[in-house]
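Just below is one structure, and these are the notes that go with it.
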Amino acid sequence: MSIEEKGTISIHTENIFPIIKKFLYSDNEIFLRELVSNAVDAVQKIKRLAALGQYNGELGDLLVEVALDEENKTITISDNGLGMTAEEIKKYINQVAFSGASEFVEKFKDAKDANEIIGKFGLGFYSAFMVSDLVEIQTLSYQDGAEAARWVCDGSTEFEITPGNRSSRGTTIILHVNAESEEFLSKNKLEEILDKYGKFLPVPIKFGTKTEQVPDGEDEEGKPKTTAVEVDNIINTTNPIWTKAPADLSDEDYLSFYKQLYPFSEDPLFWIHLNVDYPFNLTGVLYFPKVKNDFDMQRNKIKLFSRQVFITDEVKDIVPEFLMLLHGVIDSPDIPLNVSRSFLQADSNVKKINSYITKKVADKLQELFNKDRKSYEEKWGDIGLFVKYGLVSEDKFYDKAKDFVLLTNTKKENFTLEEYKDKVKDFQTDKNGQVVYLYATDPAKQDSFIQSANKKNYDVLLMNSPIDNHFINHMESKLEKTQLKRVDSAVADKLIEKDEAIESVLTEEQSKKVTEIFEKAITKAGMHVEVVGLNPEELPVTVTMDEFMRRMKDMAQMGGGMGFYGNMPDNYKVAINGNHKLIGKILASSNEEEQGTLAKQAVDLALLAQGMLTGAELTAFVSRSVDLI
Ligand code: ADP
Ligand code: MG
């Protein structure tokens, strides 16, 4: 049989390539990924055939070679894989695998990137036309007695098959690069693309040559000598660590792989090796990085591969949201790579992968916690954010994380939820049987409140990370009979309501008088005076904002000040300690002006203690203080 044929590619539209070319322009570098991975597939296939005994010839050094000819404006991708017969070219190349041009034209309008189209319509090979005027295939099948075949197409629907010139098994794809794509006729550019997509391909990828120093006997003094020789420039590592068994890997292997992925990063805290083959295929290594404050900057650091071909570093939807800060690689042939986002979210494999990763991460954290509590606590500063984020956003994660999430108090001591409850329940249970956890968001500012609480044997938690707002709400919804209150939401004596209240020594009439004096002295809006009976040792005046009010205000602020609580005025409680000496002194004074000055001074001191006294009020306070001394 002689190979000679002209024909029409069976797609039922006049000329699909101009559409592909134009539409996919922004993403056109993926032509190289598609052609190189086809070549890799061909090599893998011949290997498998040999292993199955269906091919008995020499395999040789299996290799994919990319070459650039700047003068002739060609890029060549060749492999010594299984090759194709003319029949196979017709079947696999000519009959473009999609159901019809009308569907294509319909769909391509909504597609967001080239990936989507190429995958959906099986156009991998045709991505060559995004950058070429003419594409040529030279191929020789591994099959006994096969004849070399050549296929040429200029991007119209016309093609030509003739006898080819390959004398050894495999396929060569020659791209005659078009005028708009000359940027790809650059060694650096091709190297960059190969590095991005092909760094971990399973077959050696050769791109040009490089010089290397090799041993070459000894010089006159008997010292070892080297000479420079040209060697193949292999751009990839064919067995990256995620393809190996964890038992065969050392910590150094994991760390050096991390350095390879993120050259300028600090060492990670720890890592998890993923490996499943049922009900879906997934391998990978996820690293927990040291978290910087600008944690948003570190998103999208996980690289997604499909059979060692890099696909994307946008793994949203595949990795649970709260684990987006992790680094590393995930490799799965089961993730539909070329579909739209909304489809991906609904994909059942993706859902399973999501919960598998969540479970693995939880198990690893539990293991670290059980094995070495001290080092776990040392890492808590970095991993706390993930854990809290995870348990507020995924119930399944909460169920596991509740045993290893840590609460840290202002003395930098760490407790599990259970330990903490045991620690505080004796002193911090209120008269209704609710255990009240106290927390500080800014220990420096809230210091006087923390000290007062500590004096009453209350413990104060530190809640100063960006996620703690949500974490606090979540704890309240999950923990029974537990309430959280910021330490400055009331005076210490009133933070946790007990049966035995301290009575004020003042009579009702005296209280009224004190209230009047203070109301007159306070000029700031939204301050509500209340005389209460507190421990005489407590401050004479304390300014607080009710826990509920403050949370509403915080929420309104986070929501951009919109809605009902958007313009909520400040609303403070000014607690006057009726049992304090100073209040007695103010009452005893017969000079109204002196009463006013003392009251004002006491209120300003309270504001000062909380960092609320600023600007002109602070200046007035300072000069009043000078007068008083
Ligand atoms: P896919 O790779 O998804 O099958 P492509 O359009 O990339 O789709 O390739 C179509 C088919 O062409 C492949 O399935 C394969 O049979 C054949 N093919 C492409 N490139 C080669 C190659 N280098 N060697 C052998 N066969 C190839
Ligand atoms: Mg392909």
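We count ligands from 1, going down the list as the structure has it; atoms in each ligand are counted the same way.
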Note, Phe270 side chain near Lys379 side chain (heavy atom, < 4.5 Å): yes
Can you confirm whether the side chains of Ser127 and Glu34 place a donor and an acceptor under 3.5 Å from each other? no
Do Glu87 and Lys91 sit within salt-bridge range, that is, some charged N less than 4.0 Å from a carboxylate O? no
N/O to N/O below 3.5 Å, does that happen between Tyr126 and ligand 1? no
Report the residue from Asp79, Asp61, Asp232 that forms a salt bridge (charged side-chain N to carboxylate O under 4.0 Å, His left out) with Lys206. Asp232
Which atoms from ligand 1 have a heavy atom of Gly124 less than 4.0 Å away? 6 (O), 7 (O)
Any side-chain heavy-atom pair of Pro268 and Tyr254 under 4.5 Å: no
Are Met84 and ligand 1 in contact, using a heavy-atom cut-off of under 4.0 Å? yes
Geometric N/O contact Asp79 with ligand 1, under 3.5 angstrom: yes
Can you list the ligand 1 atoms lying under 4.0 Å from a non-hydrogen atom of Ile93? 12 (O)
Can you tell me if Lys259 uses its side chain to pair, donor with acceptor, with the backbone of Ser265 under 3.5 Å? yes
So how many protein N, O or S atoms does the Mg ion (ligand 2) have within less than 2.8 Å? 1
Any side-chain donor near an acceptor of the partner, Ser78 and Thr172, under 3.5 Å: no
Under a 4.5 Å cut-off applied to non-hydrogen side-chain atoms, are Phe257 and Leu249 in contact? no
Do any nitrogen or oxygen atoms of Leu82 come within less than 3.5 Å of a nitrogen or oxygen of ligand 1? no
Check each heavy atom of Ile77 against ligand 1 and say whether those closer than 4.0 Å belong to the side chain, the backbone, both or neither. neither
Determine whether a donor-acceptor pair (N or O, by modelled atom type, separation under 3.5 Å) exists between the side chain of Glu160 and the backbone of Val152. no
